[in-house]
Amino acid sequence: MLTSEMIKKAALEAGADLCGIGPVSRMAGAPDVMNPGLLFPGVKSMIGLVFRIPRGVQRGIEEGTQFYQYPSMAYGGINEIFAPAVLYHVGKVIEDNGHDAFIYRNTGARGEVSDMDGSPGNTLSPEEQIENVQHIKKKTAHHRSVQFTRKVEEGKVAPDLQFQFRLAAVACGLGEIGWSKMLLTKEFGPLQRVAFIFTDAELEYDEMYSGEPLCRQCGACVRECPGGCIPAINSGKKISVDIDGKKCEWGDIDMWRCYAFYTHGGRYYNPFVPKEVFDKNENGALDLLEGVTNVANENEVKKVYNALEEYFPSWVGYNMAKCGGCIRACVSMLEKKGGCMEGRFKQPLRTKKAWKMDR
C-alpha cells in the first residue's frame with residue numbers, strides 16, 4: 001500500500017530538499033484554467049517538492065561580479081535537469097504501487113491566458129529572445145500563453161492547464177507567500193524552486209503552515225526593486241487569495257515592469273550596457289527603464305528588447321539576471337534577528353550597502 005511516508009522517503013533520497021503533500025481539494029477555489037483538480041478524473045493528492053537554491057549563486061549578483069549562475073544553475077538547472085530527474089524517480093515509486101503519477105515540472109507559463117496580465121493569445125515569455133520573433137518565422141516561439149488552444153471536448157479545460165505553483169506549495173504545507181510574491185519556506189526563505197506530482201492515490205496530508213509569519217513585512221523588497229515594481233506595504237495594492245481557509249496576500253506587482261527590469265536592470269544595475277546607450281535612449285525605446293513613461297506592457301518591453309538585444313548575454317536559453325533585488329533584499333533581512341534564516345550561515349549575504357552603478 002502506497003503511503004505518504006514512502007513518497008517522502010523516495011523524494012528526499014532522490015535529492016528533493018522538502019516534500020509536502022496536500023489534497024487537491026485545497027485548490028478548489030482556483031479558476032478552472034488553473035485548477036489542478038481538473039487535470040484528470042479521480043485526482044486526489046498533490047505532492048510538492050522543494051529544491052533549494054544555493055545562496056552562493058546570489059553572491060555574484062550581490063557583488064556585481066558574476067551574473068548568469070543564478071538563471072542558468074539555480075533556475076534552468078533545477079527546472080530543466082535536476083527536478084525532472086527527481087520527479088521521474090518518485091513517479092516510478094507511485095506507479096509501481098498501482099497509482100498514476102502525473103509529474104509536472106516547472107514550465108513557465110503556458111496556459112490558456114497569460115500569467116502577466118490575464119489576456120489570451122500571444123504574449124512574450126521571459127525565456128524568449130526578440131530574435132525568435134523577428135527572424136525564426138517557421139518556429140513556434142515561446143509565449144506566456146498558448147495562442148490557439150481549444151477544448152478537446154465539452155466539460156474539459158483548454159490545454160495546457162497551468163496552475164499557480166506557489167499557491168500549490170502553500171496548499172502542500174511547504175510555506176507561505178511573501179509580499180514580493182515569492183514562496184517563503186522556514187528552511188530556505190525565498191531560495192527554492194518547486195515541482196509537483198498529482199496522483200489518484202489518497203494519502204496522509206500535511207497541515208498548511210501555521211507558525212510565525214515567514215514574511216517580516218519589512219518592505220526591503222519594495223525598497224530594493226530597481227523598477228519600483230512592488231507596491232508599498234501600506235499602499236493597499238495587494239492580492240488576497242483564500243486557500244482552503246488560509247489567507248495568502250502579496251503585493252499587486254507590476255508584472256510587465258518586473259519583466260523588463262529583471263532581464264535588463266536599467267541604467268544603474270546593468271553593467272553589460274554602455275552608459276551612452278541609456279543617455280541616447282534612441283527613439284525613446286528605453287523610456288520604461290529610464291522612467292520617462294509609467295506605462296508597462298508588452299509593447300514597451302519589446303522596445304527595450306529590440307534596443308538592447310546586442311548587449312544581451314544569455315546562456316542555456318535563460319536570460320541573465322540583472323536584478324534579483326527582491327530576493328537578495330529578502331535573504332538579507334531574513335538573516336537578521338528574528339528571521340527564518342537567522343544563524344543559517346557563518347557570514348551574512350550582505351556585508352555592506354548594496355551596490356548601484358555611478359552613472
Side-chain angles (χ1 to χ4, degrees), residues 60-61 64 66-72 75-76 79-80 107-111 113-148 225-230 253-327 356-359:
I61 304 173
Q66 214 285 345
F67 283 73
Y68 89 97
Q69 293 304 330
Y70 168 64
S72 65
Y75 197 98
N79 285 356
E80 308 288 348
T107 60
R110 302 293 182 271
V113 299
S114 167
D115 69 335
M116 298 295 287
D117 55 20
S119 62
N122 179 4
T123 54
L124 286 169
S125 161
E127 294 83 19
E128 182 175 36
Q129 300 288 324
I130 285 296
E131 183 181 6
N132 287 355
V133 179
Q134 292 180 335
H135 306 303
I136 307 177
K137 298 299 183 182
K138 295 182 179 179
K139 180 180 178 182
T140 301
H142 298 289
H143 297 283
R144 298 301 306 189
S145 58
V146 183
Q147 299 175 66
F148 307 111
C225 175
C229 310
I230 307 172
I253 297 170
D254 189 329
M255 295 304 297
W256 281 115
R257 183 179 299 277
C258 178
Y259 181 173
F261 278 87
Y262 170 77
T263 53
H264 292 90
R267 173 185 292 265
Y268 303 106
Y269 299 95
N270 191 335
F272 301 96
V273 177
K275 174 181 179 294
E276 294 73 25
V277 176
F278 291 104
D279 289 342
K280 190 173 182 180
N281 188 14
E282 191 169 355
N283 299 318
L286 304 181
D287 283 355
L288 178 57
L289 296 184
E290 288 287 272
V292 177
T293 179
N294 288 322
V295 176
N297 55 33
E298 183 179 4
N299 287 331
E300 289 297 323
V301 171
K302 283 182 178 179
K303 291 179 186 177
V304 171
Y305 266 73
N306 280 318
L308 300 183
E309 64 175 322
E310 64 180 294
Y311 310 103
F312 196 95
S314 179
W315 287 266
V316 297
Y318 284 87
N319 294 338
M320 293 279 282
K322 313 302 191 309
C323 170
C326 62
I327 297 177
K356 178 179 180 180
M357 297 181 74
D358 182 16
R359 59 181 189 180

Determine whether the aromatic ring centres of H264 and Y305 lie less than 6.0 Å apart. yes
Whether N270 side chain and G266 backbone form a donor-acceptor pair below 3.5 Å: no
Pairs satisfying salt bridge (charged side-chain N to carboxylate O under 4.0 Å, His left out), at least one member in residues 263-272, at least two apart: R267-D279, R267-E290
Using 0.5 Å steps for rounding, measure from the OH atom of Y262 to the SG atom of C326. 9.5 Å
Going by heavy atoms in the side chains, are L286 and L308 under 4.5 Å from each other? yes
K356: side-chain contact (heavy atoms from CB on, under 4.5 Å) partners, not counting sequence neighbours: Y268, Y269
Residues P226 and F261: closest non-hydrogen pair is O-CE2, 3.8 Å
Name all residues meeting the side-chain contact (heavy atoms from CB on, under 4.5 Å) criterion together with A285; count only those two or more places apart in sequence or in a different chain, and write none if there are none. K303, A307
Inter-residue atom distance N297.CG - R257.CZ, 0.5 Å rounding: 10.0 Å
Of all the heavy-atom pairs spanning L289 and A260, show the shortest one and how long it is. CD2-O, 4.1 Å
Got a sec, which residues hit side-chain hydrogen bond (donor to acceptor under 3.5 Å, both in side chains) with Q69, two or more places apart in sequence or on another chain? none
How many angstroms lie between OH in Y259 and CG in L288, if you round to the nearest 0.5 Å? 12.0 Å
Report the residues that fulfil ring pair (Phe, Tyr, Trp, His ring centres under 6.0 Å) with F278, sequence neighbours left out, ordered by chain and then residue number. none
Here the pair of heavy atoms bringing Y68 nearest to S72 is O-OG, 2.7 Å
